[in-house]
Amino acid sequence: MLILQTTLNGLVLGGIYSLAAVGFSLVFGVLGIVNLTHGIFVIAGAYAAMMLYAKFGLDPLLAMLPIAAVLFAVGYAYQRTVIQWAISRASLVASLVVTFGVAMIGRNVLQLVFGPDTHTITPSYSFSSLTFGALQIDVVRLVALGASLVLLVILALVLKSTHFGRAIRATAQQPLAAQLSGLNVRNLHGLTFGLGAALAGASGAIIGIVQPFSAASEVAWTLNAFIVVVLGGIGSPAGALVGGLLLGLINAYTAQYIGPSLTQAAMFLVLVIMLMVRPNGLLGNAFGESR
């Protein structure tokens, strides 16, 4: 039964990884930007959920909505100003340097405001658990997994069935053709980046009730998002889900059967293997067919 419990823990953790990475995957697929400030948006969402819960008693799952709205606006403004400025005056490579610098600034600002200590959010159901035969799962992890899957499904439906989603896919596949068709490509890039920031903030609210977090942990969440994209593929919620579940299982199995101190090494090993064997991920690039 130990292997079943480990598998269950890995799948639950993987669902959270998937939501945390899908915004990174979307921005990477549509804009071609490796957004190194992604982890800042995730941790900012966690801190915002902590503040809303401490001051107003607002459950982190409900706090996802205002947090996502605020970070959507921040992400949109950030892309239309700082990132667009870097790309227009230099190249996409310059955006890598710019986002790295902004991530460093953001981490230090969060440390100044909230301190370097580790924080957690503990709603009323944090210490409850459910038992299914010999398997046991914490209610908070089950709720976090459910919320993550719901948001991933909503995003998939938006990308597939709405005019906004079709415009994003057209812009990602053929930006020049999309612009000639009357789409405002720069505005769509800003909206896509804002959507990625909103999803990252929402995932931060979920992460805050599942795992301890600090300003310094933003690096780990950016790295996790990159590994998820390499594993699952670029630009689609399905790819993020596959990559996140695989990463969760890798972490769980490594921690249980090899040693918790070697989980990072196992992640990097799988990353290198995937880059050599299948660099586009298991599901490939969702926006690459028409390029």
Side-chain angles (χ1 to χ4, degrees), residues 14-39 41-42 75 79 83 87 91-96 99-100 103 148-149 151-162 164-178 183 185 188-200 202-203 221-248 250 267-268 270-291:
I16 299 169
Y17 283 156
S18 300
L19 180 62
V22 70
F24 181 93
S25 176
L26 189 63
V27 169
F28 192 11
V30 177
L31 280 72
I33 293 173
V34 178
N35 176 25
L36 297 182
T37 52
H38 180 79
F41 289 121
V42 173
Q79 194 282 328
I83 293 179
I87 294 173
S91 65
L92 284 173
V93 177
S95 67
L96 187 69
T99 57
F100 175 76
S148 299
L149 293 178
L151 289 176
L152 288 172
V153 169
I154 291 174
L155 176 62
L157 292 175
V158 168
L159 292 176
K160 182 179 180 180
S161 305
T162 67
F164 174 59
R166 288 190 291 270
I168 287 178
R169 288 188 282 119
T171 300
Q173 292 172 348
Q174 291 288 348
L176 179 58
L183 294 176
V185 172
L188 282 168
H189 281 173
L191 293 173
T192 302
F193 198 97
L195 180 59
L199 290 167
S203 72
W221 287 105
T222 301
L223 176 62
N224 288 343
F226 184 77
I227 296 175
V228 166
V229 169
V230 171
L231 290 175
I234 299 170
S236 71
L241 181 60
V242 170
L245 292 177
L246 285 175
L247 183 60
I250 290 167
M267 288 165 53
F268 279 112
V270 173
L271 174 65
V272 171
I273 293 173
M274 281 298 297
L275 287 174
M276 292 190 299
V277 175
R278 192 174 176 83
N280 287 330
L282 294 175
L283 300 188
N285 189 337
F287 304 126
E289 295 179 0
S290 302
R291 290 190 174 184

> What closest approach, in Å, do H38 and A200 show between heavy atoms, and which atom pair accounts for it?
Replying inline: CE1-CB, 3.7 Å
Distance-only donor-acceptor hits, side chain of residues 270-284, under 3.5 Å, sequence neighbours excluded:
from, atom 1, to, atom 2, distance (Å)
R278, NE, G281, O, 2.6
R278, NE, L282, O, 3.4
R278, NH2, L282, O, 3.4

Per-pair distances, 0.1 Å, donor-acceptor, side chain in residues 20-34, under 3.5 Å, sequence neighbours excluded:
from, atom 1, to, atom 2, distance (Å)
S25, OG, G235, N, 2.6

>> Restricting to non-hydrogen atoms, name the atom on V158 and the atom on T162 that form the minimum distance, rounded to 0.1 Å.
In response: O-OG1, 2.5 Å
> What heavy-atom pair brings L159 and R169 nearest, and what distance separates the two atoms?
Replying inline: O-NE, 2.8 Å
> About how many Å separate CD1 of I250 and CG of L245, when rounded to the nearest 0.5 Å?
Replying inline: 11.0 Å
> So do I168 and L191 actually touch side chain to side chain, heavy atoms under 4.5 Å?
Replying inline: no
>> For A156, give me all partners under side chain to side chain contact (heavy atoms under 4.5 Å, CB included), at least two apart in sequence or on another chain.
In response: P237
> Between G239 and S236, which heavy-atom pair has the shortest distance, and what is it?
Replying inline: N-OG, 2.9 Å
List the atom pairs, donor and acceptor, that lie under 3.5 Å between side-chain atoms in residues 221-233 and the rest of the protein, sequence neighbours left out.
from, atom 1, to, atom 2, distance (Å)
T222, OG1, G39, N, 2.9
T222, OG1, E218, O, 3.2
N224, ND2, A220, O, 3.3

> What residue among L241, L246, V242 forms side chain to side chain contact (heavy atoms under 4.5 Å, CB included) with S18?
Replying inline: L241
> Got more than 12 heavy atoms from elsewhere within 6.0 Å of CZ, F100?
Replying inline: no
>> So, using side chain to side chain contact (heavy atoms under 4.5 Å, CB included) as the criterion, who are the partners of V185 when residues are at least two apart?
In response: T171, A178, Q179, H189
> Sequence neighbours excluded, which residues qualify as side chain to side chain contact (heavy atoms under 4.5 Å, CB included) partners of T99?
Replying inline: N35, L36, T37, Y78, I83
